[in-house]
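Lettering follows sequence order; numbering is per chain, from 1.
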Amino acid sequence: MAEPTVRVSGIVLSSLMFQHGNTDSDAEGLVLGESRVEEQITISDSQADRINIQEIYYVQKHIACNKLNHFYSGAGEVNSVAVQKLLADNKQDSVLGWYRQRRNSDQQLSFRERIVHQSLKASLRNPHLLFLLLTPHRASSAESTHRTEYCAYISRNSVFLSVPLLVNNLGLQEPQSYWKLPVGRPSERYSATIRRHSSSFFSSDGLLRDVNDVNAMNDSLQEELQAACREVEDSERQLETLQSEVSALRKRSRERRKKSEAAGRTGEEEEDQRRNLRLQEAVGALFKRSPLFLTQTLTLQGFPVPERTFSGEEEEEEEEEEAVCEEDEAECEEEEAEAVCEEETQENTHSRKRRREMAASSERKRRKSES
Amino acid sequence: MAVSAVHLESDAFLVCMNHALSTEKEEVMGLCIGEAEPARIVHIHSVIILRRSDKRKDRVEISPEQLSAASTEAERLADMTGRPMRVVGWYHSHPHITVWPSHVDVRTQAMYQMLDQCFVGLIFSCFIEDKNTKTGRVLYTCFQSVQKGSEYERVEIPIHVVPREAIGKVCLESAVELPKILCQEEQDTYRKIHSLAHLDPVTKIHNGSVFTKNLCSQMSAVSGPLLQWLEDRLEQNKQSIVELQLEKERLLRELAAP
């Protein structure tokens, strides 16, 4: 059974964390490198021949996306053109997978990441595509301690398997120690044989040729590192200068756009105001006496509430109301007559005045019910 | 507590993390260069990788000569940047063990604090793996020491990685110093062994092979990937420069238009 392992150098893993440290949001991109399959044959007492297949993926570099969701849509569909543009001069074959870094979240794939992964797998036609997930967290409430977890994932039969992400380092191999004591008391023939071949190992100054050669090779490598460091340093300074120039230009451009928008808006607003005033005058002139132009009570449906209603039932109600009014009026007249009789027996002048007032009141009521 | 927080610039963080991840067999260490503000915030602008003369597994110690050399380097940086730089702290790694400082670390920190109250300690814990979930982990912490009776105790100091998209010159130089230091350590060890007079040729050949093997490990595990990373970074920067140049021209045209 194949056991996959992902290996990464310390500088690449540190560089991934460095990239994320420079952004407020999540970070993502592609990882490139090479893969190898190794067979290990083991023989044990129970089994004569056991073959262990090891898949080793070496992550050698990463390409960061400038913005999130750059090479896939909201539905997780990968945009092949965007992926090719991201790769630039790098070969598609060297793509091992993609990565994402998200703060304070669980170390497990989200639903969208699964969709994107399957889509990218199909797009790149790479059934062994990897997904690297790094999740930094604040490990203490005092913010004195921080933790980053990382793991690689590979999809096998639609199931995502965790693959250990191991950092290549100097401690991986067992260190061999230097011998400080001589071999022992050698025989004459042994010493003579060694002496005969020594000249091919040692140079004239008594130093080992291999040691001289490896030192020379290492010195050359150090010079290349220094030269590369100077080139990168120049490019970093050039980039810094350009970034600050472009930021200043962007700011000026934004301010200029804001000013012209504001000026445009002010002109538009004034024109709107003038138009509104003219419209109001025109409406006022045309519909001055229209009841629609006056304040009125409206129903919930937005229709004005009329003073009279004219349905059949309502007519009957109206007639009943009128009849009630007439009855009330007749009762009033009776009451008035009684009052008049009572009053005639009790008071003279005052009662006549009162009678006249009551008569006027009943006349008003009658007129009101008629209208 | 003399320090309220530590701001570690991201390029310095890159160098520290790369150094910590260079070996899982022993602790590595270095010094932090920066400045301390009146508001008790310590800014770390760069780091100096140190050689370990005594590669014991359980302790790291900085010699007075190393501290002195680091102070000279800090003065050089101060002249270069025009800012008051000095040695403001130390860092070391804890491979396969907890991020918390040991009692030795806490005492060492207390000793440095006697010279400078604002001196801080950083620890990077790496090569931690959860066998069940196959998840790897790195942690880093910042601390100072406070005396409690006859003992010292750790005090947590908030630490924030400050974004810095462009990598500083000093940090780049520190990064490429690592393979040089590793090679110098190996050459010193080999030279001491090779200078022993009583060794026979076979022993010398064996020791030469060990030296060759160790140097090859350094080249493949450290120098090679570092050179690859520098080349990739250069490529990436060149691309960004082209894009920014185009944007600059477009913005200038836009601003020149009436």
Side-chain angles (χ1 to χ4, degrees), chain A residues 9-11 13-15 17-18 21-22 60-61 107 139-140 142-151 162 164-165 167-171 173 176 178-180 182-183 194 198 201 208 210-211 214 218 221-222 224-226 228-229 231-233 235-236 238-240 242-243 245-246 249 252-253, chain B residues 10 14 17-18 21-25 133-142 156-159 161 163 165-167 169 172 176 180 183 193 198-203 205-208 210-212 215 217 219 221 223 225-230 232-234 237 240-241 244 247-248 251 254-255:
Chain A
S9 63
I11 187 66
L13 185 58
S14 308
S15 169
M17 291 192 263
F18 165 72
N22 287 334
Q60 291 161 348
K61 71 187 265 191
Q107 183 65 29
S140 72
E143 294 187 272
S144 62
T145 308
H146 302 264
R147 175 181 85 237
T148 297
E149 291 184 348
Y150 52 85
C151 190
S162 304
L165 182 60
V167 180
N168 279 342
N169 67 91
L170 293 169
Q173 290 180 16
Q176 283 207 291
Y178 291 102
W179 292 346
K180 292 178 188 171
V183 172
I194 299 302
S198 285
F201 288 93
L208 277 154
D210 279 356
V211 167
V214 81
N218 192 57
L221 196 52
Q222 297 305 320
E224 291 297 327
L225 275 168
Q226 294 293 333
C229 176
E231 286 172 34
V232 170
E233 208 269 316
S235 70
E236 297 281 341
Q238 205 181 341
L239 195 56
E240 242 179 350
L242 255 179
Q243 267 167 352
E245 283 174 10
V246 168
L249 287 171
R252 275 176 57 193
S253 172
Chain B
S10 60
L14 169 70
M17 187 56 77
N18 180 43
L21 291 171
S22 64
T23 177
E24 62 179 293
K25 283 288 185 235
T133 59
K134 296 181 187 170
T135 301
R137 201 177 293 162
V138 294
L139 296 96
Y140 60 95
T141 190
C142 183
E156 293 181 58
I157 305 290
I159 179 167
V161 174
E165 283 202 35
I167 304 174
K169 180 179 183 201
L172 276 171
V176 298
K180 207 162 137 186
C183 176
I193 299 289
H198 56 273
L199 295 180
D200 62 287
V202 170
T203 302
I205 293 167
H206 165 84
N207 289 341
V210 170
F211 175 79
T212 303
L215 224 59
S217 290
M219 285 190 276
S223 308
L226 185 57
L227 187 56
Q228 174 77 61
W229 176 77
L230 284 167
D232 295 336
R233 181 84 186 172
L234 181 66
N237 286 351
S240 301
I241 285 168
L244 281 170
E247 194 184 347
K248 180 181 171 184
L251 286 165
E254 192 184 297
L255 288 166

Part of [X] lying under 4.5 Å from any heavy atom of chain B:
X         : result
Ser198(A) : side chain
Glu245(A) : side chain
Leu221(A) : side chain
Ile194(A) : side chain
Asn168(A) : backbone
Tyr150(A) : both
Gln226(A) : side chain

Spatial distance of atom [atom1] ([X]) from atom [atom2] ([Y]) [nearest 0.5 Å]:
X         : Y         : atom1 : atom2 : answer
Glu236(A) : Glu165(B) : CD    : CD    : 10.0 Å
Leu172(B) : Glu231(A) : CG    : CD    : 12.0 Å
Glu156(B) : Ser144(A) : CD    : OG    : 3.5 Å
Glu247(B) : Leu242(A) : CD    : CG    : 10.0 Å

Please look at [X] and chain A and tell me whether the side chain, the backbone, both or neither of the residue comes under 4.5 angstrom of a heavy atom of that chain.
X         : result
Ile205(B) : both
Gln228(B) : side chain
Leu227(B) : both
Asp232(B) : side chain

Just give me the residue among [options] that pairs up with chain A most often, heavy atom to heavy atom, under 4.5 Å.
options                         : result
Asn207(B), Leu251(B), Leu21(B)  : Asn207(B)
Leu255(B), Thr133(B), Leu215(B) : Leu255(B)
Leu230(B), Val176(B), Ile167(B) : Ile167(B)

Query raised in the report: Of Ser15(A), Ser14(A), Ser9(A), which is the lone residue that meets side chain to side chain donor-acceptor pair (under 3.5 Å) with Trp229(B)?
Result: Ser15(A)
Which pair of non-hydrogen atoms, one from [X] and one from [Y], has the smallest distance, and what is that distance?
X         : Y         : value
Ser235(A) : Ile241(B) : O-CD1, 3.9 Å
Lys180(A) : His198(B) : O-NE2, 3.2 Å
Val214(A) : Phe211(B) : CG1-CE2, 3.7 Å
Ile11(A)  : Asn18(B)  : N-OD1, 3.3 Å
Lys180(B) : Gln222(A) : N-OE1, 3.7 Å
Leu244(B) : Val246(A) : O-CG2, 3.7 Å

Report summary line: Checked Leu165(A), Leu13(A), Leu239(A) vs chain B; the most non-hydrogen pairs under 4.5 Å come from Leu239(A)
Report summary line: Most heavy-atom pairs under 4.5 Å with chain B, out of Ala139(A), Ser140(A), Ser162(A), belong to Ser162(A)
Query raised in the report: Does a side chain donor of either Glu24(B) or Asn169(A) reach within less than 3.5 Å of an acceptor in the other side chain?
Result: yes
Query - Donor-acceptor side-chain pairing of Gln107(A) and Thr135(B) below 3.5 angstrom - result: no
Query raised in the report: Given side chains that start at C-beta, do those of Leu225(A) and Leu226(B) come closer than 4.5 Å, heavy atoms only?
Result: yes
Query raised in the report: Is there side-chain contact between Met17(A) and Val138(B), with at least one heavy-atom pair below 4.5 Å?
Result: yes
Query raised in the report: Which residues pass the side-chain hydrogen bond (donor to acceptor under 3.5 Å, both in side chains) test with Asp210(A), sequence neighbours left out?
Result: none
